[in-house]
Visitor: 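Have a look at the structure that comes next, please.
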Amino acid sequence: MERLTIAPKADDAGGRAGDAAAAIDALSDLDLVRLKALARLWSRDLPGGLGWSDILHEAIARVLDGLRPWPPDVHILAFLAGVMRSIC
């Protein structure tokens with residue numbers, strides 16, 4: 001599976017988006033496989049040709065953009081899974 005390359009937004013380098021970017025970048029290959037499996041499961045009934053990768057990328061984009069602020073006391077894997085489920 002392809003590794004994600006993530007850079008925090010320039011105006012939020014020291015804030016939570018930077019922390020979230022570092023946490024996402026630190027996800028293991030196994031964590032990424034788990035996220036892929038969850039995205040595939042939840043996206044199977046979506047209309048319009050939306051695929052699992054669209055859901056996963058949208059969840060990551062929303063976290064990095066600050067639309068879905070990551071609470072540091074929640075594991076990033078669980079948080080991304082919840083964001084994907086919410087999107088679906």
Side-chain angles (χ1 to χ4, degrees):
M1 178 177 260
E2 170 183 340
R3 289 296 298 169
L4 301 171
T5 304
I6 300 167
K9 292 171 65 174
D11 60 351
D12 194 17
R16 278 196 257 177
D19 295 342
I24 292 169
D25 191 45
L27 289 171
S28 70
D29 288 339
L30 183 58
D31 290 336
L32 294 174
V33 169
R34 289 175 177 150
L35 287 172
K36 177 182 175 180
L38 289 171
R40 289 181 69 155
L41 175 69
W42 289 323
S43 67
R44 67 178 182 244
D45 294 328
L46 292 178
L50 292 173
W52 67 267
S53 62
D54 299 321
I55 302 304
L56 179 56
H57 291 146
E58 181 64 23
I60 291 171
R62 289 183 186 189
V63 172
L64 294 178
D65 285 343
L67 297 174
R68 295 294 302 262
W70 171 53
D73 59 329
V74 176
H75 191 277
I76 192 67
L77 180 69
F79 184 69
L80 286 171
V83 172
M84 288 191 306
R85 190 178 73 173
S86 176
I87 291 169
C88 290

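For reference, positions follow the sequence shown, starting with 1.
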Visitor: So which of I60, L38, L41 actually passes side chain to side chain contact (heavy atoms under 4.5 Å, CB included) with M84?
Guide: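 Option passing the side chain to side chain contact (heavy atoms under 4.5 Å, CB included) with M84: L38.
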Visitor: Pick out which of L56, V63, V74 makes a side chain to side chain contact (heavy atoms under 4.5 Å, CB included) with L80.
Guide: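 The option that passes is V63.
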Visitor: Can you find a heavy atom in the side chain of I76 that is under 4.5 Å from one in the side chain of D31?
Guide: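 The answer is no; the side chains never approach within 4.5 Å.
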Visitor: For the residue pair W70 and A23, what are the closest heavy atoms and their distance?
Guide: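 What the structure gives for the nearest pair is CH2-CB, 3.8 Å.
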Visitor: Testing the basics here: between F79 and P69, what is the closest heavy-atom pair and its distance to 0.1 Å?
Guide: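 Closest pair (atom of F79, atom of P69, distance): CZ-O, 3.3 Å.
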Visitor: Can you tell me how far the CG atom of L77 sits from the CG atom of L27, to the nearest 0.5 Å?
Guide: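 Going from CG on L77 over to CG on L27, the span is 6.5 Å.
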Visitor: Just grab all the salt bridge (Lys or Arg N to Asp or Glu O under 4.0 Å) pairs involving residues 38-47, residues at least two apart or on different chains.
Guide: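 Not a single pair qualifies under salt bridge (Lys or Arg N to Asp or Glu O under 4.0 Å).
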Visitor: Please list, chain by chain and in numerical order, all residues satisfying salt bridge (Lys or Arg N to Asp or Glu O under 4.0 Å) with R68, sequence neighbours excluded.
Guide: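 For R68, no residue satisfies salt bridge (Lys or Arg N to Asp or Glu O under 4.0 Å) once neighbours in sequence are set aside.
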Visitor: Show the nearest heavy-atom pair for residues A20 and L64, with the distance to one decimal.
Guide: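 Closest heavy-atom pair between A20 and L64: C-CD2, 4.4 Å.
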Visitor: Could you grab the distance from atom OG of S53 to atom CG of L35, nearest 0.5 Å is fine?
Guide: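 One finds 13.0 Å between OG of S53 and CG of L35.
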Visitor: Do the non-hydrogen side-chain atoms of L46 and D54 ever get within less than 4.5 Å of each other?
Guide: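 With C-beta onward as the side chain, the pair stays apart.
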Visitor: What do the steps show when you test L50 against E58 for side-chain contact (heavy atoms from CB on, under 4.5 Å), and what is the final call?
Guide: CA-CA 11 Å; L50 292 173; E58 181 64 23; over 6 Å; no
Visitor: If you look at every heavy atom in S43 and G51, which pair is closest and at what distance?
Guide: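 Taking S43 first and G51 second, the nearest heavy atoms are OG-C, 4.0 Å.
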Visitor: Measure the SG-CH2 distance between C88 and W52 for me, rounded to the nearest 0.5 Å.
Guide: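 Separation between the atoms: 13.0 Å.
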